[in-house]
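Only this structure's heavy atoms are used, side chains among them; waters, hydrogens and symmetry mates stay out.
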Amino acid sequence: MKRVNTSTKNMSQYAGKWVAVLEDRIIGVGKTLKEISPLVTCDIKNKIPDKKIAAAFKVPYKGEGPYVL
């Protein structure tokens, strides 16, 4: 996993990779979902998370439709 802090406007440069998105920033990039999982998961026992959790998204290549999981 590579930690980054870039705008989602630059998402096309990560085509084919998994990104962790928090608000309007890309905060992590990886080849697999497992690589970025520390950024997008939390302990299920923690009912009120003390920090925001990023969303996982696989960036499609140009000309591809969105990925549906």
Side-chain angles (χ1 to χ4, degrees):
M1 174 185 57
K2 178 181 175 186
R3 287 190 177 259
V4 294
N5 184 12
T6 186
S7 173
T8 54
K9 294 178 183 178
N10 303 327
M11 195 172 289
S12 62
Q13 73 186 35
Y14 302 111
K17 296 184 179 167
W18 284 90
V19 295
V21 179
L22 183 62
E23 295 176 0
D24 65 341
R25 308 294 296 173
I26 299 171
I27 61 169
V29 179
K31 291 183 180 180
T32 64
L33 180 58
K34 190 173 183 175
E35 286 183 27
I36 64 168
S37 66
L39 299 174
V40 298
T41 58
C42 72
D43 187 357
I44 195 167
K45 296 175 186 173
N46 189 0
K47 300 288 183 194
I48 303 172
D50 50 344
K51 64 178 183 174
K52 292 184 179 181
I53 302 168
F57 181 75
K58 186 167 183 181
V59 182
Y61 289 102
K62 187 174 182 177
E64 283 185 334
Y67 296 109
V68 179
L69 300 175

What one should report as the nearest heavy-atom pair of I36 and G30 is CG2-N, 3.7 Å
Of all heavy-atom pairs linking A20 and A54, the shortest is CB-CB, 4.0 Å
_Any non-hydrogen side-chain atom of V29 less than 4.5 Å from a side-chain atom of K17?_
yes
Checklist entry - So, the side chain of E35 versus the backbone of K31: is there a donor-acceptor pair under 3.5 Å, distance only? => result yes
Cluster question for you: counting only ILVMFWY and a side-chain heavy-atom cut-off of under 4.5 Å, with indirect links fine, are V4 and V19 together? yes
Smallest heavy-atom separation, I53 atom then L39 atom, equals CG2-O, 4.0 Å
Output for pair (L33 CG, W18 CH2), nearest 0.5 Å, gives 4.5 Å
When rounded to the nearest 0.5 Å, the distance separating OG1 of T32 from CE of M1 is 10.5 Å
*Are L22 and R25 side-chain neighbours, meaning at least one heavy-atom pair lies under 4.5 Å?*
no
Here the pair of heavy atoms bringing T6 nearest to Y14 is CG2-OH, 3.7 Å
- Decide yes or no for M11 and V21: does some side-chain heavy atom of the first lie under 4.5 Å from some side-chain heavy atom of the second? yes
Checklist entry - Can you check whether N10's main-chain N or O pairs, donor with acceptor, with S7's side chain at less than 3.5 Å? => result no
